[in-house]
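First the structure, in the form of structure tokens, and then the observations on it.
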Amino acid sequence: MTFLTKRIFQPRSIFSLLKNGNCLSLQLKKISMKLENEIVLAIQEAIEKLYGTKLEPNKIPIQQTRKDQNGDYTLVVFGFSGLSKKKPEETAQELGVFLKENVDFIADFEVIKGFLNLIVEDKIYINVLKENQNRKNFGFLEVNPHDKVVVEYSSPNTNKPLHLGHIRNNLLGFSLAEILKANGKNVTKVNLVNDRGIHICKSMLAWQKWGNQITPESAQLKGDKLVGDFYVLFDKKYKEQIAALVADGLEKEQAEKEAPLIQEAQEMLRKWEENDVEIKTLWQRMNTWVYKGFDITYQNMGVDFDKIYYESETYLLGKELVVEGLKNGILFQKENGSIWCDLTDEGLDEKLLLRADGTSVYMTQDLGTAQLRHEEFDAQKMIYVVGNEQNYHFDVLKLVLKKLGKPWFNSIEHLSYGMVELPQGKMKSREGTVVDADELMEEMYITAKTTTQELGKAEDFAQEDLEKLYQTISLGALKYFILKVDPKKQMMFNPAESIDFNGNTGPFIQYTYARIKSILRKAGEVEQMNFWPESLNEKEKNVLKQIQNFPSILKQAGELYSPALISNYVFELVKLYNKFYQEIPILKETDQVKRQFRILLSSFVAENIKNSMSLLGIHVPERM
RNA sequence: GGUCCAGUAGCUCAGUUGGAUAGAGCAACAGCCUUCUAAGCUGUAGGUCCUAGGUUCGAACCCUAGCUGGAUCACCA
């Protein structure tokens, strides 16, 4: 008994301080994890006292009680029958009695079959507010400058505009960076632009042949769209040539290699690598068009980068690494001069690193980029946000770096996300079955506008504010729609069904925020609380129970690289708050302590919604 | 063919380390605005958790086999 008391009420426990009411000096960032830990410790002591065995904390199966049951935390006692030599129900009963009597924050308990449901004192939840009422970023950690992480995302090709697949990539990358920052990481966001290669030459060649010197200005078209059109045009003409050759009796494979267009494109690539002035000038000119277009898309999407790498600048470094690896006998050369890495001892194949003609492949430049990035940042982690179609590529990248003797190879991590599918299947640029990023955002904007107008909201807004509101809502809907899905999973987008604004959506969450802000405006200044309520009603308690989970959700999201966890969290919070809002008076409450408490609670929820949404790259409106 | 990922309500998705009667949203149906913003709230209905075995007090979750879908195994990126 004394031991137990000592253990639970030793000074480092937050609960010991509850009694005295002077807990100001405490680090509160871990408060939510604390509660669970304290309960585990209490149970640990109880079992030791009752059954004479000390269990490791991870052997104590505790979880939050299901919503349909009475209680806050549930201990599953089936596993303890061996210790107690009693039926689960009796064991649960014994433990329950013991905990209620000896632990001051356990108010009560209930036993159902082998489940011990523990009811925590309301004070504990009230305390979450009490302790944090002045904190701006509840749950966020201070950034540690030495804990460096580089996040690469977006990584576009410069031969076509961005589409829905890129949107998922960009939103994931941006959100991941925000989540890691909130977990105390010193994050650098980088973009690797794939600005060289045969695909670029295809667009260039088509422009040369059929472009009539057209420019984005003369065409009144975004540069990336213009260049993308020529990429599609190339493909169309190329296919015609193949068809003609096949009609003349050639095998299809043969025709694909011999078609004059593809040979011209390859010739152009060779010239590019030889620094042919004319080709390089055209290349630069067209890429500039594309970048201007990308900038607009990025800006509309609300994503940005701290640094941009260009493949045309990093591939040579990769080449050097490969040549050096060959010299050191780590890599090997085939008769035709191509250079390879043997990964058969790792269970993989041989991997080509330099072509017979000495030109580099995708892997070559990624070796160079990784090396450069490591030298520049020396980060604990270098995370690549890239689709799961490239899983093999990143396995190989790490292994080749390992073989080349780079001890930092293990800092490379791949956030591998699933493809976005349309009802008719995968998106294909060349077949025109892509959902264009700019067009989708524009459509969302129009939907946001018409919906807002139909609802008759915001009629007194200034024009400027209206446009900002439509932007906020439409992007909120789009971003939330994408980010609420587990990144690893493939997801479905049906363009025929516009993205919803009701239910589990961005606007629903934004709306809840706006309603709270409305209340807060009417309430005036949120005052410091000097008196606190003794107890909570069910709705208040549910909101606080959810919000005290936030720090551990944030941590988990940072470990699993999953914005979806934040989305699910904030949706659940908002639902619980809306139930509270619907049923419990706030401004109309006549008891001043309760009224103030509810205003403060609302304010805290609003702040947490805003913070959570910012982790997803989503803004929240003050009114809507 | 080898490897990897996935399969949960009509649709889109949650489901933590194996725990209670598997959850949300949309769509459908029935209610709630003279009230702090109805982009909200309440209720009804909706399930062979792909299939078959196995592990155990207990499996959507772990193991084995199979079925279905996707990705990948390029001198493409």
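Each chain gets a letter, A, B and so on, in the order the sequences are listed, and its residues count up from 1.
- Asn578(A) pairs by the side-chain hydrogen bond (donor to acceptor under 3.5 Å, both in side chains) definition with Thr512(A), Arg515(A), not counting sequence neighbours.
- Residues passing the side-chain hydrogen bond (donor to acceptor under 3.5 Å, both in side chains) test with Tyr581(A): none are found, sequence neighbours excluded.
- Not one side-chain nitrogen or oxygen of Lys488(A) sits closer than 4.0 Å to the OP1 or OP2 atom of rA6(B).
- For RNA chain B, the neighbouring residues in residues 75-83 of chain A, judged by any heavy atom under 4.0 Å, are Val76(A), Phe78(A).
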B/S/- contact track for nucleotides 20-32 of chain B, protein heavy atom under 4.0 Å | BS-SSSS------

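- For Asn58(A), the side-chain hydrogen bond (donor to acceptor under 3.5 Å, both in side chains) test picks out no residue, with sequence neighbours left out.
- Note on Lys522(A): a side-chain N or O is less than 4.0 Å away from OP1 or OP2 of rU37(B).
- Under the salt bridge (Lys or Arg N to Asp or Glu O under 4.0 Å) criterion, Lys588(A) pairs with no residue at all, not counting sequence neighbours.
- When each of Thr512(A) and Trp340(A) is assigned the nucleotide of RNA chain B with its nearest heavy atom, Thr512(A) is the one assigned upstream, toward the 5' end.
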So which protein nitrogen or oxygen atoms get under 3.5 Å of nucleotides 69-72 of chain B's nitrogens or oxygens?
{"from": "rG70(B)", "atom 1": "O2'", "to": "Gln490(A)", "atom 2": "NE2", "distance (Å)": "3.3"}

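- Residue pairs satisfying the side chain to side chain donor-acceptor pair (under 3.5 Å) criterion with at least one member in residues 352-368 of chain A, sequence neighbours excluded, are listed as follows: Arg355(A)-Thr359(A), Asp357(A)-Thr359(A), Tyr362(A)-Gln390(A), Gln365(A)-Thr369(A), Asp366(A)-His393(A).
- Residues in residues 592-602 of chain A take part in these side chain to side chain donor-acceptor pair (under 3.5 Å) pairs, two or more places apart or across chains: Glu540(A)-Arg598(A), Tyr577(A)-Ser602(A), Glu589(A)-Arg598(A).
- Less than 4.0 Å separates RNA chain B from at least one heavy atom of each of the following residues of residues 153-168 of chain A: Asn157(A).
- Residue pairs meeting the salt bridge (Lys or Arg N to Asp or Glu O under 4.0 Å) criterion with at least one partner in residues 480-507 of chain A, sequence neighbours excluded, are absent.
- Residues satisfying the side-chain hydrogen bond (donor to acceptor under 3.5 Å, both in side chains) criterion with Glu572(A), sequence neighbours excluded, are Lys67(A).
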